[in-house]
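In what follows, a single structure is set out as structure tokens and then discussed.
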Amino acid sequence: MKALRPAALAPIALALAALPAFATTGYFPHGYGLKSEGMGGTSAALAQDAMGGATNPASMVFAGSRLDLGLDLFSPRRSAERSGAGFPTLNGKVDSGQEWFGVPSLGYNRMVRPDLSLGVTVYGNGGMNTSYPQGNFNCGAGAANMVCGAGGLGVDLMQLIVAPTASYKLAPHHAVGVSLLLGYQRFKAEGLQAFDNAPGFPPFTQSPGHVTNRGYDSSTGVGVRLGYFGQLSERVSVGAAYSPKMHMSKFSKYSGLFADGGSFDIPENYSLGVAFKAAPAWTVAADWQRIGYAGVTSVGNPSASSAPMGAPTGPGFGWRDIDVLKLGVSWEMNAQWTLRAGYAHGQNPIHPQDVTLNILAPGVTTDHYTAGFTYALGKDSEITGALMVAPSQSVTGPSMFNSVLGAGAGGNETIRMHQFSFGLGWAKRF
């Protein structure tokens, strides 16, 4: 553990914790590390950097001793619109205000022996952020935001993981790995007064005063990621990784918003991958990933649940489990330049009947187109860049306010998002 120099890494981890993280497949990112991001997020069967604690810990012993630092500029463009409401003052459209975010990452790996490596990966696992202005809505009691609360409307969720990682070769071409996942979450919500048992609305929550405008709250937890990496031949490698649901402490300030008294665990996820060296300079990779959003009560419970908000079976975002298919290719053009491209397609986790609560978290993106490069600065250092573009996607469904204010009173709502990101990183081999 002395080789990991945790005291030197601690300030960087704290800096990462202070910054928000945002994501694209639901609220997970499409890839971890700039090389993976440029190849459509493929990573399970590749050993390109020290980000294995976020992807496949077994890959680290094949990555060698290195340090990887990266920063993405991520821009999600989100909007919400209501039309056809029986009360015309409920109709309108708002765009989320914050559109640029910095998402950092860090990976460090040290070969302790030829068959053993120790490292640490620090990364933003995902997040949700919206910041809508009040707009020109009126729910019958004066000016209001889109969901009949006061002032601006939105949420801010950030998930940070610090992952100490060990990777061991069982044989020259086969390895297993384990990452201890030390999780930290931060959350706040604003503008949800209508769900806080406000006058004129049903008693939505079992914990009034713990729904909205409580400032930031934090949560911690511990989990694990297991991995296998195998080089089946000089041309083919395979990989697999699994992380069970990560139980996090509850957001006590928001015990009346999230199901089970403020619970917000990190979902189970696993992936399988294969990489094929089609020619000496060409590598093609494919990953399949499964994210178990439905297994987290506050995320997976249907929003139309008859139980009050904050109860174990209370309303959630109604997200389903999703599958994500990732494809990527890299070309070592010469000794200095490597070019990458990729595509990722994930299922939309949001059902039309759950659209109202998902105004807060419009994670509807499904397609991601990526490109990237690495430029060797010398024998032991390099810079890497990655670009991602996700076209606009939307979901339309009946407003929750149809049942609250009368049939047809709330009309239909549409949530929409498109996004892009560009990142640069520096790596040092030693």
Between the main-chain N or O of [Y] and the side-chain N or O of [X], is there a donor-acceptor pair closer than 3.5 Å?
X: Ser59; Y: Ala44; value: no
X: Asp323; Y: Trp288; value: no
X: Thr205; Y: Asp196; value: no
X: Thr130; Y: Leu360; value: yes
X: Ser167; Y: Val61; value: yes
X: Glu382; Y: Ala376; value: no
X: Asn301; Y: Gly314; value: yes
X: Thr370; Y: Leu387; value: no
X: Arg416; Y: Pro362; value: no

Taking all atoms of both residues into account, what is the closest heavy-atom pair of [X] and [Y], and its distance?
X: Leu257; Y: Met309; result: CD1-CE, 3.5 Å
X: Ser179; Y: Ala163; result: CB-CB, 4.2 Å
X: Lys245; Y: Gly295; result: NZ-O, 3.0 Å
X: Ser305; Y: Pro315; result: CB-N, 3.9 Å
X: Met146; Y: Gly92; result: CE-O, 4.3 Å
X: Ser75; Y: Arg77; result: OG-NE, 2.7 Å

*Distance only, no hydrogens: is a donor on one side chain within 3.5 Å (strictly under) of an acceptor on the other, for Thr212 and Gln193?*
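Their side chains do not contain a donor-acceptor pair, so the 3.5 Å distance test is not met.
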
*Between the side chains of Tyr228 and Asn56, does any donor sit under 3.5 Å from an acceptor?*
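No, because no side-chain N or O of Tyr228 sits under 3.5 Å from a partner of the opposite role on Asn56.
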
Whether [X] and [Y] hold their rings parallel, tilted or perpendicular, with breakpoints at 30° and 60°:
X: Phe420; Y: Trp100; answer: perpendicular
X: Trp282; Y: Trp331; answer: parallel
X: Trp319; Y: Tyr293; answer: perpendicular

Are the side chains of [Y] and [X] in contact, using a 4.5 Å heavy-atom criterion?
X: Asp68; Y: Ser105; answer: no
X: Arg225; Y: Thr165; answer: no
X: Ser237; Y: Phe229; answer: yes
X: Leu34; Y: Asp72; answer: yes

*Distance under 6.0 Å and angle within 45° of the ring axis: does Lys169 meet both against Phe62?*
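Yes, Lys169 and Phe62 form such a contact.
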
*Go through the steps to decide whether Phe264 and Tyr254 satisfy the test ring pair (Phe, Tyr, Trp, His ring centres under 6.0 Å), and finish with yes or no.*
CA-CA 10 Å; Phe264 204 99; Tyr254 294 94; over 10 Å; no

*Please check if atom CG in Asn136 has more than 12 non-hydrogen atoms from other residues, nucleotides or ligands closer than 6.0 Å.*
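Count not over threshold, so no.
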
_Any salt bridge linking Glu37 with Arg340? Criterion: basic side-chain nitrogen under 4.0 Å from a carboxylate oxygen._
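No.
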
_For Arg66, is there an ion pair with Asp49 - N to carboxylate O distance below 4.0 angstrom?_
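Between Arg66 and Asp49 there is no salt bridge, as every charged N stays at least 4.0 Å from the carboxylate O atoms.
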
